[in-house]
Asker: 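One structure, pasted below without further comment.
Each chain gets a letter, A, B and so on, in the order its sequence line appears, and its residues count up from 1.
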4 protein chains.
Amino acid sequence: MAIEQAGRFRESTKRSKTEAAIKAAARRVLARDGYHNAKISDIAEEAGKAIGSFYQYFRNKEELLLALAEEFRIAVQDNIGAPSGIELDPFDNLRGVVRAFWRAYREHGAVAVAVFQAAMVNESFADMWRQIRAQGIRIASLRIRLAQRRGYCQGVDPEVASSVLCSMVEFSCYNWVVANGDLELLNRNIDDSELVETLTKMVVGAIRWREDAGH
Amino acid sequence: MAIEQAGRFRESTKRSKTEAAIKAAARRVLARDGYHNAKISDIAEEAGKAIGSFYQYFRNKEELLLALAEEFRIAVQDNIGAPSGIELDPFDNLRGVVRAFWRAYREHGAVAVAVFQAAMVNESFADMWRQIRAQGIRIASLRIRLAQRRGYCQGVDPEVASSVLCSMVEFSCYNWVVANGDLELLNRNIDDSELVETLTKMVVGAIRWREDAGH
Amino acid sequence: MAIEQAGRFRESTKRSKTEAAIKAAARRVLARDGYHNAKISDIAEEAGKAIGSFYQYFRNKEELLLALAEEFRIAVQDNIGAPSGIELDPFDNLRGVVRAFWRAYREHGAVAVAVFQAAMVNESFADMWRQIRAQGIRIASLRIRLAQRRGYCQGVDPEVASSVLCSMVEFSCYNWVVANGDLELLNRNIDDSELVETLTKMVVGAIRWREDAGH
Amino acid sequence: MAIEQAGRFRESTKRSKTEAAIKAAARRVLARDGYHNAKISDIAEEAGKAIGSFYQYFRNKEELLLALAEEFRIAVQDNIGAPSGIELDPFDNLRGVVRAFWRAYREHGAVAVAVFQAAMVNESFADMWRQIRAQGIRIASLRIRLAQRRGYCQGVDPEVASSVLCSMVEFSCYNWVVANGDLELLNRNIDDSELVETLTKMVVGAIRWREDAGH
DNA sequence: CATGAATGAGACTTCATTCAT
DNA sequence: AATGAATGAAGTCTCATTCAT
C-alpha cells in the first residue's frame, strides 16, 4: 500500500510538474509575443513538451489563460485583501493598495495583459475582465466614501471616482511594467519606488481635495 | 487640357470615393469586431467592394490602420493642440484638454482602440502608440510644471506625473467609451457630462495638492 | 453591357466549372475510399485544385455530401417519379420502379453509400436517410394496397411489407453495385439484366401470394 | 505444482476477466457511437480500465472487432446452422432461419453493424463481411433449389435469388433493429412478432411462386 | 499485468494575398 | 480600376499508440 501511495504520489507529481512547466512556458511566451501571437506550438516548445501534451492539460488557449488568470486574481487578493484594515486612514490604506497592485502587476503583468487582450476579442474574457475591475472598484469606492465623510471630494459619485482611480493605477502599471512603456520615452532612469511614490501621491491627491481650497 | 484635368479630377474623385468607402467600412468593422477579428474580406464586404479593391488602396491591414490612425491623431491635435492658450490657468487648461480628449475618443474610439490592440502585437504600432502618448505627456507636463511653480505637487517628477495623468484620462475614456466598460457595472444611468466632470475634478485634484495641507 | 454580361457569364461559368470539378472528384474519391476515408485534401487533389478551393464552395465534407445527395435524390425521382402510371398493373409498375432504382444506383451508387455511411455516424444524415427511405416506402406501399385490393398478400401491414420490399431492393443493389458485392462470391459471370430480372421477380413474388395457394 | 496450476488458473481468470470487461464495454460503446466514432479511450473508460490495458489484449480497434465478430458469427451459427433439418418443408425451414437471424441480430446487432461499417472502409473487414454473407447465401440457396425441384420459382439462378433473400432479411433487420430504423417512420406501435411474421411471409412469397399463376 | 502521461502524425479550417479577366 | 476565384501557408486539435513506472 505504501508502494501504491508512493506510485500515486510520484505520478501526480509528474502530472503537476508537466502542467506547471506548460504554465510557466505560457507566461514567458505570453510576455514575449502577446496573447494573439502566442501559438500553442510555441508554448509547447518553450516548455520542452510535445504539442499533444498541451492538450492533456488544457482544452485550448482560452482555458490556459483562464487558469493563469485565476492565479493572478488570487495573487492580487493575497497582496491586497488580507491586511486592508478599514480602520486605517483611508489615504494610507489606498497607498497600501496601490503598492500591492503594483507588486502583483510586476509579477503577473504578462497574464493581466493577456487577459486584457483576450477581453478585447472574446466575450467571456471581457466578462472576466469586468469582474476583476469590479472587484477593484468596490474596494476603492469604500475608501472614497470614507474620505467623503471627512469632507473630501464632495459632489462626485464614489463609483465613478473609483472607476477613474482604478484606471489610473491599472493603466499606469500597464504602461510602466509592460514592454517598453513610457519609461523609454522618459529616457531617464527612474526606479520603481519613485514611480509608485508618485502614483500613490496622485491617487491620494485625486480624492483628497476640497472645493473651497483656494488656488 | 481642360478635359484632361476634368478627367483626372473625376478619376481622383472616384479613387478617393472608393478609398473613403473602405475606410468608413473599416471603422465600422473595427468598432464591431476589434482589430484582430476584423478580416479584410469583412471590410471589403461592408464597403460593398470586392476584396481586390482593398489591395488597390492598402497593402494590408496595417497600412489601413496606419491611415486611420493618422486621421485620429489629427483629430486629437485639432481638438486640443493648437489654441490651448498656455496663458490660462493650468487647471482650467487641463479641464479643456480632458474634454477635448473625451470628445475625440467618443468619435474615433474604435480606431484608437484598434491602434492600441495592434500595438500589443506589432512593434511598429507599439512605436506609434508611444509617439501618441508622448505627445499627450508633453502637453500635460507643461501644465504640471506651471502648477509646480505655483507651489503645487512638489517633489514629483513632472514627466512621471504626466504619465499618470495621461493613463488616468486615456483608460477612463477607454473603459467608458468602449464596449460595455464600467457603465454596465455601475448599473446606473450616468451621463457623459457627469463622467467628464468627475474625471476633470480628479485630474485637477491629482496635481493640485500641497504637502502641508492638513487632513 | 454585352461585354459585362459576357464577363459575368464567363465568370459564373468558371465558378460552376470548378464546383463541378470538385463534385466529380468527390464522387470518384467517395467511390474509391468511402465517406470516412475520403479526405478533403484527396478530393481537392483529385480535382486538380488547391485545398482552399474546396472551401470556396463547401463549408466541409458534410455540406459537400448534402449537395451530392440532393442530386442523387433528384436522379431517383426523375427515373421513377414521372412515368409511374398508377393506372398500370401494380406488378408491372413495381418492375419499372425496381429497374429505375437499379439504374440510379448504378450511376450514383457511391453517393448513396456515402450518405448511408454518414447516416451511421451523423444524425442529420440519419434524418436524410430516413426521408429518402420514407419516400420509397410510401411509393411501394401504394402498390401493395392495390395488390391487397385484388386479394393478394392479405393480412400484412402495407407499410411493414413496403419496408421489407425497399430493404430487399436497396440492399440487393448495394451488394451488387458497390465494391465487389456478392458477384465475386458467385464467381460467375451474371449480367445486369439477369440480376434485375431476378430481383424483380422476387419483389413481385414477395407480395403476389395468396394464403390459400396450396404448396 | 498444484500451487503453480492454481496460480496460472487465477492469472488466466484475471486475464480473461479484464478482456471480457473490455469486450463488453466495446459492445456498449459500439452500440452507442458506431464503429467510426468509437474511440479506444472511450472503450477503456467504459470498461473502467486504463488505455494501456486495452493494448494488452488487442493490437488495435480492428483486432477487437475481429474478436467480437467471431462471437457474432458463432452465435448466428448456433442459432441457425447446426440442426436445420433439411428434411423439413423448405418454407418452414426458411421461416426458422429468418427467426433465428432476427434473434441473433437483436442481441448482437451492434457488432454486426460495426462489422458492416468497418467493411465499408477496410478491405479485411470487407472480406469477412463477404464470408458471413456467403455462409448465409449458401444456406438459403439450398432451400431454393429444393423449392425449384417442387416447381417453384423456375428460371431464376438459385444463388442470385439467395443473395436477394439475404439482402431482404439482413437489411430489414438492420433497419428495424438499429437506431430509429423505419419504426419511427411508421409512427405506429408494431411489435417484433408482427415484423418477423411479415418478413417471413414475404421471404417465402419471394420464392414460392409459379410462372403460370394467374393474376 | 496495469497504468496513463507523453507523443506527433495527420486531418481540418481560415484568411491574407495574388492574378487573370 | 475593379473584380473575386484560386491559392497554400499556418495554426488548431484529435487520437491511436508507446513506454516508463
Asker: Would you please confirm or rule out a distance under 4.0 Å between OP1 or OP2 of dA6(F) and any side-chain N or O of Tyr57(C)?
Answerer: yes
Asker: Taking only residues two or more places apart in sequence, or in another chain, which ones meet Val113(D) in a side chain to side chain contact (heavy atoms under 4.5 Å, CB included)?
Answerer: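 Val113(D) satisfies side chain to side chain contact (heavy atoms under 4.5 Å, CB included) with Met120(C), Tyr105(D), Gln117(D), Tyr174(D), Val178(D) once adjacent residues are dropped.
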Asker: Tell me: CD of Glu63(D) to P of dA16(F), nearest whole Å?
Answerer: 15 Å
Asker: Whole angstroms only, please: what is the CD-C1' distance between Glu45(B) and dT3(F)?
Answerer: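 In whole Å, dT3(F) C1' and Glu45(B) CD are 15 Å from each other.
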Asker: Taking NZ from Lys17(B) and P from dA1(F), how many angstroms apart are they, rounded to a whole number?
Answerer: 15 Å
Asker: List in chain and number order the residues that pass salt bridge (charged side-chain N to carboxylate O under 4.0 Å, His left out) with Glu62(B), two or more places apart in sequence or in another chain; answer none if no residue qualifies.
Answerer: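 Glu62(B) satisfies salt bridge (charged side-chain N to carboxylate O under 4.0 Å, His left out) with no residue once adjacent residues are dropped.
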Asker: Within the structure, does a side-chain N or O atom of Thr18(D) lie under 4.0 Å from either OP1 or OP2 of dA2(E)?
Answerer: yes
Asker: Under the rule for side chain to side chain contact (heavy atoms under 4.5 Å, CB included), what residues qualify as partners of Ala44(B), not counting sequence neighbours?
Answerer: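 Counting only residues at least two positions away or on another chain, Ala44(B) forms a side chain to side chain contact (heavy atoms under 4.5 Å, CB included) with Ile51(B).
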Asker: Measure CZ/Phe58(C) against C1'/dA5(F) and give the value in whole Å, please.
Answerer: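 Answer to the nearest Å: 14 Å.
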Asker: Would you check if Asp127(B) and Arg130(B) make a side-chain contact, meaning some heavy-atom pair closer than 4.5 Å?
Answerer: yes
Asker: Would you list the protein and nucleotides 11-13 of chain F atom pairs, both N or O, that sit under 3.5 Å from each other?
Answerer:
| residue | atom | partner | partner atom | Å |
| --- | --- | --- | --- | --- |
| dG11(F) | OP1 | Lys39(A) | NZ | 3.2 |
| dC13(F) | OP2 | Tyr55(A) | OH | 3.0 |

Asker: Heavy-atom nearest nucleotide on DNA chain E for His36(B) versus Ser53(D): which residue maps closer to 5'?
Answerer: Ser53(D)
Asker: According to side chain to side chain contact (heavy atoms under 4.5 Å, CB included), who are the partners of Ala24(C), at least two apart in sequence or on a separate chain?
Answerer: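 So Ala24(C) forms a side chain to side chain contact (heavy atoms under 4.5 Å, CB included) with Arg27(C), Arg28(C).
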Asker: Return the value, rounded to whole Å, for the distance between atom CG of Asn37(D) and atom P of dT14(F).
Answerer: 14 Å
Asker: OH of Tyr35(D) versus C1' of dC15(F): gap in Å, rounded?
Answerer: 14 Å
Asker: Measure CG/Asp42(C) against P/dG10(E) and give the value in whole Å, please.
Answerer: 13 Å
Asker: Map every base of DNA chain F to its dot-bracket character, where paired means a Watson-Crick or G-U wobble contact with both distances under 3.5 Å and | marks a partner outside the strand.
Answerer: .||||||||||||||||||||
Asker: Holding to side chain to side chain contact (heavy atoms under 4.5 Å, CB included), I want the full list of residues that pass it with Ala110(B), two or more places apart in sequence or in another chain.
Answerer: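 Result, side chain to side chain contact (heavy atoms under 4.5 Å, CB included) vs Ala110(B): Ala31(B).
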Asker: The criterion is salt bridge (charged side-chain N to carboxylate O under 4.0 Å, His left out); which residues satisfy it with Glu63(C), sequence neighbours excluded?
Answerer: Arg59(C)
Asker: What's the CD1-P distance between Ile43(C) and dT13(E), to the nearest Å?
Answerer: 11 Å
Asker: Taking Ala38(A)'s backbone N and O only, do any of them form a donor-acceptor pair with Lys61(A)'s side chain (distance below 3.5 Å, no angle check)?
Answerer: yes
Asker: With the side chain of Ala50(B) defined as its heavy atoms from C-beta on, choose the nearest nucleotide among dC1(E), dT7(E), dG4(F).
Answerer: dG4(F)
Asker: Which residues satisfy the salt bridge (charged side-chain N to carboxylate O under 4.0 Å, His left out) test with Glu45(C), sequence neighbours excluded?
Answerer: none
